[in-house]
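Here the structure is a predicted model, which is why all the values come from computation and not from measurement.
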Amino acid sequence: MEFTLTATENDTRARAGEIYTDHGKIETPIFMPVGTAGSVKGIHTRELKEDIKAQIILGNTYHLYLRPGTEIIEAAGGLHKFNGWDRPVLTDSGGYQVFSLGDIRKLSEEGARFQSHIDGSYHLFSPEKVIDIQRSIGADIIMAFDECTPGDADFEYAKKSLELTQRWLHRCFDQFEKTEPKYGFKQSLFPIVQGNTFPELRVKAAEYVKTFNADGYAIGGLSVGEPENIMYEMTEVVTAILPENRPRYLMGVGTPVNILESIDRGVDMFDCVMPTRNGRNGMLFTSEGIINIRNKKWENDHSPVDEKGYSFVDQYSKAYLRHLVISKEMLGAQIASQHNLAFYLWLVKTARQKILDGNFKNWKKEMVQKLKTRL
RNA sequence: GGGGAGAUACCGAAGCGGUCAAACGGGGCAGACUGUAAAUCUGUUGGCAAUGCCUUCGGAGGUUCGAAUCCUCCUCUCCCCA
């Protein structure tokens, strides 16, 4: 994997660049739709490519390991072959599940012992095992196994957790170097900067990951309950340290506003379940603001979902989409997800163009106001 | 024509003398959702000048300190037998 930094803006840290993988180029800043179990929920790969114009999607180590399991994915020839997505893929390591499945997992030096949310069976995720699974899944970018701490963790806990994550990182890279890709294309391992909401720890963590000379670096443990301004502050602290000539990935973020603010602070890659999950739950992101399509006020509004038309689904009327969502018709969730993803991709593409044109800052300021509006 | 069951809030349905403005579902309305245990979850759902007051459990009377609950008549539904 190679990264080229194409443009930076003087009065911000915003950057535009290109990532080259064996499955094609990614233009940054980029948003990566989340496809946890090997599918972006409700969206065909054809729509992802042709309509939404996604350049890279995510998969999840924990979910794919539990179901269908690495044997099946290997037999298929890797996740790309299995799900028919021939562009870049990134897999998360299961570190987020250490956080979200907090009640049914136990941490030790060795790793995290999970109870499957599907059948209750026990599984040990160690750094080595997580690398092995990600070799089997075959994503272009794979993530180190980390502990994602909750946003309200105290300093002592955050410090101990970070140290564990750092020891795990070392083991991840050892295993990564000991093993080979299985499907004839290169894989890159990204370390993850933790440190919770403590600048001191974040600085340490960022300095530490740099020593691995990775193809890219991630910032994790944010947007997990801490105030937004803290999230921005932590992002700033970290991007100031990470190498300029490598992509930075802010994991799990976020709202359209979060994304613009983080691009401003030097982030290149994003992923978030919001466009799909919130879409399924009736929330639409548009360039004029946020719509709760279930609200009665759209009942008889026959104007298009979005005048701008980021996706072909935007031509459906608000009244029709509201009807579908209220009636729990599958198509409603699909349309809303597709619209939101297309909007997110439009947003980062436009941000990139503004950076290239040198007027990102002003555009961002205007957009943030609109994006916060509740329609 | 004979026998039986029943009418409760937007709908379905509990309640069968006070703790009932009335359980629970559904529907309606609103909110939440950030590396997906989520096509999920939460709140609310008679009216109002609202730590209280007013009107409501088919209708009209009655018993009682007190009635959605007991009694009388009426109206209407459903089931069985002719």
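Between E110(A) and K106(A), none of the side-chain N atoms (NZ, or NE/NH1/NH2) sits under 4.0 Å from a carboxylate O, so this pair counts as no salt bridge. The pair E261(A)-K364(A) counts as a salt bridge, with a side-chain nitrogen and a carboxylate oxygen less than 4.0 angstrom apart.
In this entry the distance linking CZ of R280(A) with C1' of U36(B) reads 7 Å, nearest Å. A30(B) atom P lies 8 Å from atom CD1 of I326(A), rounded to whole Å. Put simply, CD1 on I57(A) is 15 Å from C1' on G35(B), counting in whole angstrom units. Spacing between atom CG of L101(A) and atom C1' of G35(B) amounts to 13 Å, rounded to whole angstrom units. The distance from atom CG of N295(A) to atom C1' of G28(B) is 13 Å, rounded to the nearest whole Å. At whole-Å resolution of the value, CD in Q338(A) and P in A39(B) are 18 Å apart. Between L64(A) atom CG and G35(B) atom P there is a gap of 16 Å when expressed in whole angstrom units.
For the OP1/OP2 pair of A39(B) and a distance below 4.0 Å, the side-chain nitrogens and oxygens of Q334(A) include no atom meeting the criterion. The shortest distance between the side-chain N/O atoms of S223(A) and the OP1/OP2 oxygens of U34(B) is not below 4.0 Å. The shortest distance between the side-chain N/O atoms of R277(A) and the OP1/OP2 oxygens of U34(B) is below 4.0 Å. Close to U36(B), at under 4.0 Å from its OP1 or OP2, lies no side-chain N or O of R67(A). Contact check, N281(A) against A38(B): no side-chain N or O comes under 4.0 Å of OP1 or OP2. OP1 and OP2 of G35(B) both lie 4.0 Å or more from every side-chain N or O belonging to Q97(A).
Checked by atom type, the side-chain pair Y65(A)/S136(A) shows no donor-acceptor distance below 3.5 Å. With 3.5 Å as the limit, one finds no donor-acceptor pair spanning the side chains of H339(A) and Y344(A).
For the pair K328(A) and H117(A), nearest-nucleotide mapping onto RNA chain B gives the more 5' position to H117(A). Both M274(A) and K296(A) sit near RNA chain B, but only K296(A) has its closest nucleotide nearer the 5' end.
Among the protein residues, N60(A) comes within range of the sugar-phosphate backbone only, with heavy atoms under 4.0 Å from sugar or phosphate atoms but none that close to a base. G221(A) comes within 4.0 angstrom of a base, heavy atoms only. The residue M32(A) sits apart from the nucleic acid: no heavy atom pair falls under 4.0 Å. Counting any heavy atom pair closer than 4.0 Å across all strands shown, S100(A) reaches a base atom. Within 4.0 Å (heavy atoms only), R105(A) reaches no atom of the nucleic acid at all. E228(A) comes within 4.0 angstrom of a base, heavy atoms only. Among the heavy atoms of the strands lying under 4.0 Å from L58(A) are primed sugar atoms or P, OP1, OP2 only; no base atom is included. Residue N278(A) is classed as a base contact, given a heavy-atom separation below 4.0 Å to a base. Using a 4.0 Å heavy-atom distance criterion, Q115(A) is classed as making no nucleic acid contact.
When each of D146(A), L189(A), T165(A) is checked for a side-chain contact (heavy atoms from CB on, under 4.5 Å) with C172(A), only L189(A) meets the rule.
The listed nucleotides are U36(B), G35(B), U34(B); the one nearest the side chain of T36(A) is U36(B). Comparing G35(B), A32(B), A39(B) by their nearest atom to the side chain of M330(A) picks out A39(B). Which of A37(B), C33(B), U34(B) sits closest to the side chain of N258(A) comes down to U34(B). Taking the side chain of M283(A) as heavy atoms from C-beta on, and the options A39(B), G31(B), C33(B), the nearest nucleotide is C33(B).
Between the base of U36(B) and the side chain of T276(A) there is a donor-acceptor pair shorter than 3.5 Å. With hydrogens and angles ignored, a donor-acceptor pair under 3.5 angstrom links the side chain of R294(A) to the base of G31(B).
C20(B) and C73(B) are spaced 27 Å apart, taking the C1' atom of each and rounding to whole Å. Comparing the C1' positions of G25(B) and A9(B) gives a spacing of 14 Å, expressed to the nearest Å. Here, G61(B) and C11(B) have their P atoms 25 Å apart, quoted to the whole Å. Using atom P as the reference point in both A38(B) and C57(B), the two lie 47 Å apart (nearest Å).
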Would F125(A) and I133(A) count as a side-chain contact (heavy atoms from CB on, under 4.5 Å) if you check the C-alpha gap in whole Å, the side-chain angles of each, and the deciding distance to 0.1 Å? CA-CA 10 Å; F125(A) 268 28; I133(A) 298 169; 3.9 Å; yes
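When Watson-Crick and G-U wobble pairs are counted only if both distances are under 3.5 Å, U64(B) pairs with no nucleotide at all. Of all nucleotides present, only C74(B) satisfies the Watson-Crick or G-U wobble test against G58(B), with each distance under 3.5 Å. Pair assignment for G31(B): C41(B), on the basis of Watson-Crick or G-U wobble contacts that are both within less than 3.5 Å.
Both the sub-6.0 Å distance and the 45° axial angle are satisfied by R265(A) relative to the ring of Y232(A).
For the atom pair OG1 (T239(A)) and CD1 (I263(A)), the distance works out to 12.5 Å, reported to the nearest 0.5 Å.
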